[in-house]
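In what follows, a single structure is set out as structure tokens and then discussed.
All values derive from a computational prediction rather than experimental measurement. Below, read A as the first sequence line, B as the second, and so on, with proteins coming before strands; counting in each chain starts at 1.
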Amino acid sequence: MAKSQSGPKLQPVRGTHDIMGDKARTFRYINQVFQDIAKRFGHEEISTPIFEFTEIFNRTLGETSDVVSKEMYTFEDRGGESLTLRPEYTAGIARAFISNGLQQSLPCKFFAFGPMFRYERPQKGRMRQFHQMDIEILGVAEPQADIEVLAIAVTLLTELNLMDDISLEINSLGDKESRDAYRDALVVYFTEHKARLSEDSLARLEKNPMRILDSKDENDRALVENAPRISDYYNVETRLFFDTVLAGLDALQIKYVINERLVRGLDYYSHTAFEFVTSKLGAQGTVLAGGRYDGLIEKMGGQSTAGIGWAAGMERLSDLISPDLVTQDTRPVSIIPVGDDCQTEALKLAYRLRKADYIIDMSYRGNMAKRMKRANKISSMAAIIIGEDELKRGTVMIKNFDDGSQTEIALDQVMTHLNHYR
RNA sequence: GCGGGUGUAGCUCAGUUGGUUAGAGCACCAGAUUGUGAUUCUGGGUGUCGCCGGUUCGAUCCCGGUCACUCGCCCCA
């Protein structure tokens, strides 16, 4: 790392990264595919601020959730307001939905993307500033929305050519009645076996017993094996809803695995919950996840409105994509003036071609050999050489870098000739 | 917040059981070549061996601390 003699620390803040080169290209590619698909499914873009009043997050995500209790970037602004950098997208979109009175125009189908912030210890696939792509449908209580949102996810991962390494795990957390009944059963069960629970899970028993289900502690897992199963506590409505979602996936030939231990970390989920997971990313296998959050808008103070959505991690997706699979940018054409007298003509030609949609590179200094080297380095398709001799004849030399051939072309024919390179 | 690993050139990494001017490949710069790239040849090291302190005649190497990165736990995209 470069060092400064004195002055500010030059490393980026822990858990943040500069995005450039292949990484930037991969991000742009993923994002283009995502936006294209979202539009095909009839979603509209929404972009909300990267910070909100702190209340927006801590009232909705759950006070006891890890995100709220220890991962938020919260600060006071100069006016004394407590603000928080968004740790996820859904709460901000829900707030925007209410702020803008969008219950008048249901259903709302949104897509969004941008940076998120969580104060965590960084590791593979986990950053303090990371980027998510987000899909939400608001105002549709029918399971068709669940199916559609999952179809978007599968389309995205398929078009990114990642579905071979990723599987969909799905569960239903049930409606409130089912979930409360199940929660009670879990508390009874785990309280009986309190002595064998890990320390972490003892705390979970108090705060959020369902999370004991995805504990990685060996003893816990043994207990979980024999714990009550959520599907036994589904009421009729929940069972029907979940079966409809699964039937929809079957109809679309979307493969899935029911994982009854899948619970989500944030409090606002109900009914459908899902994760797309891979084993190729080390400890952070979840690449895209989401679920239904029918109670969220009401909890936030709006009219009761159904909602379902998901978020995908850009960093995690791009870690799965090798850079050479990303579409190469169109190669440039280099213009090389020889001698000062040709600068103006070169400048004019470059401008003309750029306005006509060509990608033109012009180096700023160096003799011809150096400029040719640079042209080669940036993988130009061709060099347009303008020298005094050519200028007198009203022509330029066009050198094809792939076969080394060289042709003299009249200045006003340059564009026609370049069509060979399109 | 808790564990493990790693810090040597722009990048990937070698190295010294503690010894004088610290190395390789790639990259980069200059020249061979003031009108021709990719190939070739010549020359150039661009470095506080992360930082601070300790042991020592002597530390890049050993010890302590610290910072950074990294992997994992917790949790999550």
Side-chain angles (χ1 to χ4, degrees), chain A residues 1-5 9-17 21 61 64-71 87-90 113-135 153 198-201 203-204 208 211 214-217 263-266 274-278 281-290 309-320 334 336-340 342 363 366-391 396-406:
Chain A
M1 182 182 302
K3 288 134 192 149
S4 66
Q5 293 297 319
K9 288 193 264 185
L10 294 180
Q11 67 266 48
V13 173
R14 184 200 292 274
T16 67
H17 289 290
L61 306 184
T64 63
S65 70
D66 277 53
V67 170
V68 169
S69 60
K70 59 182 198 189
E71 294 174 0
E88 56 104 53
Y89 227 137
T90 305
F113 55 89
M116 306 294 153
F117 306 85
R118 290 183 197 174
Y119 189 89
E120 297 185 274
R121 191 70 180 270
Q123 57 183 279
K124 189 178 175 66
R126 169 180 302 167
M127 265 68 70
R128 289 185 174 180
Q129 176 177 337
F130 59 104
H131 300 78
Q132 288 188 335
M133 299 174 299
D134 194 272
I135 286 284
S198 69
E199 206 178 308
D200 284 340
S201 287
R204 293 185 184 113
N208 191 346
R211 270 209 260 154
D214 64 359
S215 172
K216 283 171 189 164
D217 182 274
V263 295
R264 311 295 338 283
L266 308 178
F274 54 86
E275 294 186 359
F276 287 80
V277 296
T278 177
L281 282 181
Q284 276 64 239
T286 304
V287 128
L288 183 158
W310 53 252
M314 300 266 290
E315 281 81 359
R316 291 185 186 178
L317 288 175
S318 80
D319 281 351
L320 290 172
S334 292
I336 299 181
V338 183
D340 291 343
C342 306
S363 52
N367 60 28
M368 188 167 176
K370 283 195 203 314
R371 291 176 194 239
M372 291 294 273
K373 273 185 197 169
R374 175 186 158 78
N376 190 66
K377 204 173 92 180
I378 64 171
S379 68
S380 289
M381 297 186 281
I384 300 178
I385 299 159
I386 306 182
E388 283 175 45
D389 300 345
E390 287 84 1
L391 209 53
V396 296
M397 286 297 235
I398 298 185
K399 174 155 186 159
N400 181 326
F401 276 124
D402 291 332
D403 61 16
S405 68
Q406 194 160 296

Atom pair distance, as rounded to whole Å: CZ in A:Arg118 and C1' in B:rG1: 18 Å
Mate of B:rC73 where both pairing distances stay under 3.5 Å, Watson-Crick or G-U: B:rG1
Touch class at under 4.0 angstrom, heavy-atom based, for A:Arg121 against every strand present: base
d(CD, A:Gln406; C1', B:rG35) in whole Å: 9 Å
Side-chain donor or acceptor of A:Glu388 paired with backbone N/O of A:Cys342 under 3.5 Å: no
Short side-chain N/O contact to B:rG72 OP1/OP2 from A:Gln123, under 4.0 Å: yes
Touch class at under 4.0 angstrom, heavy-atom based, for A:Glu315 against every strand present: nothing
Sugar-phosphate, base or nothing in reach of A:Gly125, heavy atoms under 4.0 Å: base
Nucleotide of B:rU34, B:rA77, B:rG37 approaching A:Glu120 most closely (side-chain heavy atoms): B:rA77
Presence of A:Lys370 side-chain N/O under 4.0 Å of B:rU36 phosphate oxygens OP1/OP2: no
Separation between the P atoms of B:rG3 and B:rC62, rounded to whole Å: 23 Å
A:Gln129 and A:Thr16 side chains, donor-acceptor separation under 3.5 Å: no
Residue A:Lys124, side-chain atoms from C-beta onward, closest of B:rA77, B:rG37, B:rC71: B:rC71
Sugar-phosphate only, base, or nothing, as touched by A:Ala375 at under 4.0 Å among non-hydrogen atoms: nothing
d(CZ, A:Arg316; C1', B:rC76) in whole Å: 6 Å
Base partner of B:rU40, which must satisfy Watson-Crick or wobble distances under 3.5 Å: B:rA32
Donor-acceptor pair present, A:Glu390 side chain and B:rG35 base, under 3.5 Å: yes
Whole angstrom value for the distance that separates P of B:rU36 from CD1 of A:Ile385: 9 Å
Under 3.5 Å donor-acceptor, A:Arg316 side chain and A:Val287 backbone: no
Span that lies between the C1' atom of B:rG18 and that of B:rC49, in whole angstrom: 14 Å
Distance, P atom - from B:rA14 to B:rC52, rounded to whole angstrom: 24 Å
Sugar-phosphate, base or nothing in reach of A:Gly404, heavy atoms under 4.0 Å: base
Pairing partner of B:rU55 (Watson-Crick or G-U wobble, both distances under 3.5 Å): none
B:rA9 versus B:rC29 - spacing of their C1' atoms, nearest Å: 14 Å
Minimum heavy-atom distance A:Ala383-A:Met372, with the two atoms named: CB-SD, 4.1 Å
Separation between the C1' atoms of B:rC67 and B:rG10, rounded to whole Å: 22 Å
Atom C1', compared across B:rG64 and B:rC76: separation rounded to whole Å: 37 Å
For atom CE of A:Met116 and atom P of B:rA77, their distance in whole Å: 11 Å
Evaluation steps, side chain to side chain contact (heavy atoms under 4.5 Å, CB included), between A:Ile336 and A:Lys399: CA-CA 11 Å; A:Ile336 299 181; A:Lys399 174 155 186 159; over 6 Å; no
Value in whole Å for how far the P atom of B:rC28 lies from CZ of A:Arg374: 12 Å
For atom CE of A:Met368 and atom C1' of B:rU33, their distance in whole Å: 12 Å
Proximity to the side chain of A:Phe130 - top-ranked nucleotide from B:rA77, B:rU70, B:rG37: B:rA77
Nearest-nucleotide 5' precedence on RNA chain B, A:Glu275 against A:Gly15: A:Gly15
Between B:rC29 (P) and A:Asn367 (CG): distance, integer Å: 13 Å
Evaluation steps, side chain to side chain contact (heavy atoms under 4.5 Å, CB included), between A:Met116 and A:Tyr89: CA-CA 8 Å; A:Met116 306 294 153; A:Tyr89 227 137; 3.0 Å; yes
Sugar-phosphate only, base, or nothing, as touched by A:Met397 at under 4.0 Å among non-hydrogen atoms: base
Residue-phosphate contact under 4.0 Å: A:Arg371 side-chain N/O, B:rG37 OP1/OP2: no
Pair assignment for B:rC11, Watson-Crick or G-U wobble, requiring both distances under 3.5 Å: B:rG25
P atoms of B:rU70 and B:rU33, separation to the nearest Å: 48 Å
Integer angstrom distance from the C1' of B:rA77 to that of B:rA30: 49 Å
A:Arg128 vs A:His17, nearer the 5' end of RNA chain B by closest nucleotide: A:His17
Contact check, side chains of A:Ser334 and A:Arg371, non-hydrogen atoms, under 4.5 Å: no
Polar side-chain atom of A:Arg128 near backbone of A:Glu120 as donor-acceptor pair, under 3.5 Å: yes
Any A:Lys373 side-chain N or O less than 4.0 Å from OP1/OP2 of B:rU36: no
Sugar-phosphate only, base, or nothing, as touched by A:Ile336 at under 4.0 Å among non-hydrogen atoms: nothing
Side-chain N or O of A:Arg14 closer than 4.0 Å to phosphate OP1/OP2 of B:rA68: yes
